[in-house]
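Counting starts at 1 for both ligands and their atoms, in listed order.
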Amino acid sequence: MTFDFQSKPYWVMGVVNITPDSFSDGGQFFSAESAIQQALKLVEDGADILDLGAESTRPGAMPVSTEEELNRLLPVLRAIRQQTDVPISIDTSNPEVMRDCLALGANMLNDVRSFQTQEALAVLSDYQSVPVCVMHMQGDPLSMQQAPYYEDVVADVTDFLMKQVCRLQSHRGSIVLDPGFGFGKTLAHNVALFKALPRLVSLGYPVLVGVSRKKMIGDLTGRTNPKERKAGSIAAAVEAVRLGAKIVRVHDVAETVDALVVSERLRSAQD
Ligand code: HH2
């Protein structure tokens, strides 16, 4: 799979969390049946790509065993693959999970830990053309929000992402960059990174923005319940694309697609 940003200037990535504990929809799509239904609904709603995850990375989340992650993911992936050819990204840091999902027809790997292990790199050398998303995170999900600190958050994150591009320079698939909103960052860090999106975009790689329903949106709106952060998340997705992001990772696909269509149409030169 390749990202063709000529014919499709931005891609809406629909999130499917097959977990009991995700921060905004934990338990809602935990059974294979409900996750499959949700995935197909998101495709109908206009998702350009799905992101399937079976391990929450919310602050304080506990790791999941390989067996459990595979048990959650594989039946859902298999069923979606049989019913639609929508591109499927897998949100995992586990090399075994990466391999099994690619073998079953997954199209992209999204690793919030940026393929740091030798085993994860080995997967990429066996699947040279698979698109990958590398994301910045300070610390790990268990403790990342305890006391995030940066000298200069934009410089640190940019530097980290460029180092990942160098590490992966022999990889032939697209490399997507993600500043990792909410992953070891305060509101001030998130806002600074968001405003610096044009700088990240200028590095020359597609940029993915994942702020949907996150605490950042809650902090800005005063909404403590993640489910009430839809409007704020949509505004952020529109702004991200306006600033040059190519992929927005969202839970509320139908509404985000509409908002982006209207925003793009009103900004484009054509009538
Ligand atoms: N955010 C989450 C998970 N994966 N991947 C990328 N590339 N960028 C992100 O911002 C990102 C991500 C967290 O959101 P969600 O999957 O809804 O929650 P949880 O990790 O609790 O399952």
The answer for which part of R58 has a heavy atom under 4.0 Å from ligand 1 is both
How about Q116: does its CD atom have over 12 heavy atoms from other parts shown lying under 6.0 Å from it?
yes
From the options P226, S233, S24, select the one residue that forms a side chain to side chain contact (heavy atoms under 4.5 Å, CB included) with H251.
S24
Using a cut-off of 6.0 Å, state whether more than 12 heavy atoms not belonging to E228 lie near its atom CD.
yes
Polar-atom distance check: H251 versus ligand 1, any N or O pair below 3.5 Å?
yes
N-O pairing of D4 and K8 below 4.0 Å:
no
Heavy-atom distances under 4.0 Å are what count here, so tell me which part of V112 touches ligand 1: side chain, backbone, both or neither.
side chain
If we number the atoms of ligand 1 from 1 as shown, the ones under 4.0 Å from a heavy atom of K214 are 1 (N), 9 (C), 10 (O), 11 (C), 13 (C)
Can an N or O of V15 be found at a distance shorter than 3.5 Å from an N or O of ligand 1?
no
Which residue supplies the protein heavy atom nearest to atom 6 (C) of ligand 1, what is that atom called, and how far is it?
D178 OD2, 3.1 Å
Closest to atom 19 (P) of ligand 1 (heavy atoms only, candidates S212, S114, A54, S56) is S56
CD of Q118: more than 12 outside heavy atoms within 6.0 angstrom?
no
Closest contact, heavy atoms only, L161 versus V134
CD2-O, 3.8 Å
Could you list which atoms of ligand 1 come closer than 4.0 Å to a heavy atom of G210?
10 (O)
So, regarding F181 and ligand 1 (criterion: nitrogen or oxygen to nitrogen or oxygen, under 3.5 Å), is there a contact or not?
no
Short list, please: which atoms of ligand 1 are under 4.0 Å from a heavy atom of N110?
5 (N), 6 (C), 7 (N)
Under a 4.0 Å heavy-atom limit, does R213 contact ligand 1 with its side chain, its backbone, both, or neither?
neither
For T57, which part has a heavy atom under 4.0 Å from ligand 1: side chain, backbone, both, or neither?
both
If you compare all heavy atoms of D178 against all heavy atoms of C133, which two are closest, and at what distance to 0.1 Å?
CB-SG, 3.8 Å
Give yes or no for whether the N/O distance cutoff of 3.5 Å, strictly under, is met between N17 and ligand 1.
yes
Under 4.0 Å, heavy atoms only, figure out whether ligand 1 is touched by the backbone of C133, its side chain, both or neither.
side chain
Residue K246 excluded, over 12 heavy atoms near NZ under 6.0 Å:
yes
Taking all heavy atoms of L243 and all of F194, pick out the closest pair and write down the distance.
CD1-O, 3.6 Å
With a 3.5 Å cut-off and no angle check, do the side chains of N107 and R81 form a donor-acceptor pair?
yes
Output yes when K41 and E44 qualify as a salt bridge under the 4.0 Å nitrogen-oxygen rule, no when they do not.
no
shortest atom 2 (C) of ligand 1-to-protein heavy-atom contact is with R249 NH1, 3.4 Å
Any N/O pair D51/ligand 1 closer than 3.5 Å
no
Does the N or O separation between S22 and ligand 1 drop below 3.5 Å for any pair?
yes
